[in-house]
Colleague: 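Following this message is one structure expressed as structure tokens.
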Amino acid sequence: ASGVQVADEVCRIFYDMKVRKCSTPEEIKKRKKAVIFCLSPDKKCIIVEEGKEILVGDVGVTVTDPFKHFVQMLPEKDCRYALYDASFETKESKKEELMFFLWAPEQAPLKSKMIYASSKDAIKKKFQGKKHECQANGPEDLNRACIAEKLGGSLVVAFEGSPV
């Protein structure tokens, strides 16, 4: 444990993404599809990274492929945490489940990798009820086949509307 705190806003966003209340179409558009978290400048708190989110209402409007857009939002040379509301299909049904990511690319500084790895438990404890967790060390870990494998392996036939 690194002693890093988790900002209340991070917990609120997780709760809002996890609990899908019967919402109006306007509220659904404002729901987050993906959001990225980073450490505060003093490295003492996990906060929401400014401007790093995809809203459900953006999908199909300004964002054609939400997962690809999400991957492109991750920094090339630093670590992040992220929540992604994955839509996928099995042979039986359509599902939506939250995925928690630890992004630790090879090019990230060692100190950054260490503090993100040691702070992961702090954020995971706040995210009670998330179903899937994924550590990605490069874009190759964030392809549709890898994600489908985490979501249910061979049972998954489509991810974000595209065949796997």
Side-chain angles (χ1 to χ4, degrees), residues 4-76 78-90 92-105 116 119-136 139 141-144 146-152 156-164:
V4 168
Q5 301 297 307
V6 180
D8 290 343
E9 187 187 6
V10 171
C11 301
R12 215 172 16 258
I13 286 172
F14 171 73
Y15 181 79
D16 288 348
M17 287 176 78
K18 187 177 89 159
V19 179
R20 295 195 177 85
K21 302 177 208 84
C22 292
S23 309
T24 65
E26 281 310 303
E27 287 173 326
I28 290 169
K29 283 182 187 167
K30 290 188 181 115
R31 189 187 308 146
K32 291 175 185 1
K33 175 79 178 158
V35 64
I36 296 176
F37 308 107
C38 62
L39 287 169
S40 57
D42 66 4
K43 308 276 187 263
K44 290 191 165 105
C45 192
I46 297 167
I47 58 172
V48 178
E49 188 167 3
E50 196 69 36
K52 296 288 185 169
E53 64 180 25
I54 301 171
L55 301 179
V56 171
D58 296 339
V59 178
V61 182
T62 55
V63 176
T64 44
D65 182 335
F67 190 71
K68 187 175 171 192
H69 191 83
F70 164 70
V71 172
Q72 290 169 343
M73 289 189 328
L74 294 164
E76 210 175 291
D78 204 0
C79 303
R80 291 295 183 268
Y81 303 111
L83 279 174
Y84 187 85
D85 193 0
S87 302
F88 62 102
E89 291 173 47
T90 63
E92 292 84 43
S93 64
K94 289 185 173 189
K95 296 182 175 187
E96 284 187 20
E97 293 178 357
L98 273 184
M99 295 187 77
F100 170 74
F101 288 90
L102 167 58
W103 170 248
Y116 272 84
S119 305
K120 187 171 90 168
D121 278 351
I123 194 167
K124 274 176 53 181
K125 278 190 188 115
K126 301 285 186 184
F127 291 175
Q128 295 296 318
K130 58 127 183 62
K131 287 210 173 122
H132 305 280
E133 183 181 322
C134 178
Q135 179 166 338
D141 295 337
L142 292 174
N143 65 49
R144 290 174 190 283
C146 285
I147 301 304
E149 188 59 40
K150 297 258 187 239
L151 291 168
V156 176
V157 294
F159 173 67
E160 295 301 341
S162 301
V164 178

Colleague: Please determine whether the number of non-hydrogen atoms from other residues, nucleotides or ligands lying under 6.0 Å from atom CD of Gln72 exceeds 12.
Modeller: yes

Colleague: If you round to the nearest 0.5 Å, how far is CD1 of Ile46 from SG of Cys38?
Modeller: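 Result: 9.5 Å between the selected atoms.
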
Colleague: Just by modelled atom types, is the Phe101 backbone N or O under 3.5 Å from a matching donor or acceptor in the Tyr84 side chain?
Modeller: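 Between the backbone of Phe101 and the side chain of Tyr84 there is no qualifying donor-acceptor contact (under 3.5 Å).
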
Colleague: Any donor and acceptor pair, going by atom type alone, linking the side chain of Arg80 with main-chain N or O of Pro75 inside 3.5 Å?
Modeller: no

Colleague: Can you tell me how far apart CD (Glu50) and NZ (Lys52) are? Round to the nearest 0.5 Å.
Modeller: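 Rounded to the nearest 0.5 Å, the CD-NZ separation comes out at 11.0 Å.
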
Colleague: Between Ala104 and Cys79, what is the shortest heavy-atom contact and its length?
Modeller: CA-SG, 3.8 Å

Colleague: Please round to the nearest 0.5 Å and tell me the distance separating atom CE of Met99 and atom NZ of Lys130.
Modeller: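 One gets 10.5 Å once the value is rounded to the nearest 0.5 Å.
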
Colleague: Within a reach of under 6.0 Å around CD of Glu96, are more than 12 heavy atoms found that belong to other residues, nucleotides or ligands?
Modeller: yes

Colleague: So, the side chain of Trp103 versus the backbone of Val71: is there a donor-acceptor pair under 3.5 Å, distance only?
Modeller: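 Between the backbone of Val71 and the side chain of Trp103 there is no qualifying donor-acceptor contact (under 3.5 Å).
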
Colleague: Among Thr62, Val59, Asp85, exactly one meets side-chain contact (heavy atoms from CB on, under 4.5 Å) together with Ile54. Which residue is that?
Modeller: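 For Ile54, the side-chain contact (heavy atoms from CB on, under 4.5 Å) check succeeds only for Val59.
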
Colleague: Salt-bridge test for Lys30 and Glu27: reply yes if a basic N is under 4.0 Å from a carboxylate O, no otherwise.
Modeller: no

Colleague: Identify the heavy atoms of Asp141 and Gln135 that sit nearest to each other, and give their distance.
Modeller: OD2-O, 4.4 Å

Colleague: Measure across Val35 and Met17 and return the closest heavy-atom pair with its distance rounded to 0.1 Å.
Modeller: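 Smallest interatomic distance, heavy atoms only, reads CG1-SD, 3.9 Å.
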
Colleague: Looking at Lys68, I want to see if its NZ is surrounded by more than 12 non-hydrogen atoms of other residues, nucleotides or ligands under 6.0 Å.
Modeller: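 Not buried by this count: 12 neighbours or fewer within 6.0 Å.
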
Colleague: Ignoring hydrogens and angles, tell me if any N or O in the side chain of Lys32 forms a donor-acceptor pair with the backbone of Glu53 under 3.5 Å.
Modeller: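 Not at all, since once roles are kept as given, no pair shorter than 3.5 Å links the two residues.
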
Colleague: For the residue pair Ala148 and Val164, what are the closest heavy atoms and their distance?
Modeller: CB-CG1, 3.6 Å

Colleague: Applying the side-chain contact (heavy atoms from CB on, under 4.5 Å) criterion to Glu49, which one of Leu74, Ile36, Leu39 satisfies it?
Modeller: Ile36

Colleague: Let me see the working for Phe127 and Leu83 under side chain to side chain contact (heavy atoms under 4.5 Å, CB included), right down to the final yes or no.
Modeller: CA-CA 10 Å; Phe127 291 175; Leu83 279 174; 3.9 Å; yes

Colleague: Calculate, to the nearest 0.5 Å, the distance between atoms CG and SG belonging to Asp16 and Cys11 respectively.
Modeller: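 Between atom CG of Asp16 and atom SG of Cys11 there are 11.0 Å.
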
Colleague: Which one of Lys94, Glu97, Lys33 satisfies the side chain to side chain donor-acceptor pair (under 3.5 Å) criterion with Ser87?
Modeller: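 When Lys94, Glu97, Lys33 are each tested with Ser87, the side chain to side chain donor-acceptor pair (under 3.5 Å) holds only for Lys33.
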
Colleague: Nearest 0.5 Å please: distance from the CG atom of Leu102 over to the CD atom of Glu133.
Modeller: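 It is 8.0 Å, given to the nearest 0.5 Å.
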
Colleague: Return the minimal non-hydrogen interatomic distance between Glu160 and Ala86, and the atom names on each side.
Modeller: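 Minimum heavy-atom separation between Glu160 and Ala86: OE2-CA, 3.7 Å.
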
Colleague: Could you label the plane-to-plane angle of the His132 and Phe88 rings as parallel, tilted or perpendicular, counting under 30° as parallel and over 60° as perpendicular?
Modeller: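 Ring orientation, 0 to 90° scale: perpendicular.
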
Colleague: Please confirm whether the backbone N or O of Tyr116 pairs with a side-chain atom of Tyr81, one donor and one acceptor, at under 3.5 Å?
Modeller: yes

Colleague: Any idea which heavy atoms bring Lys120 and Phe100 closest together, and the distance?
Modeller: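 Scanning both residues, the minimum pair turns out to be CG-CE2, 3.9 Å.
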
Colleague: Quick one: CZ on Phe14 to CD1 on Ile123, what's the gap to the nearest 0.5 Å?
Modeller: 10.0 Å

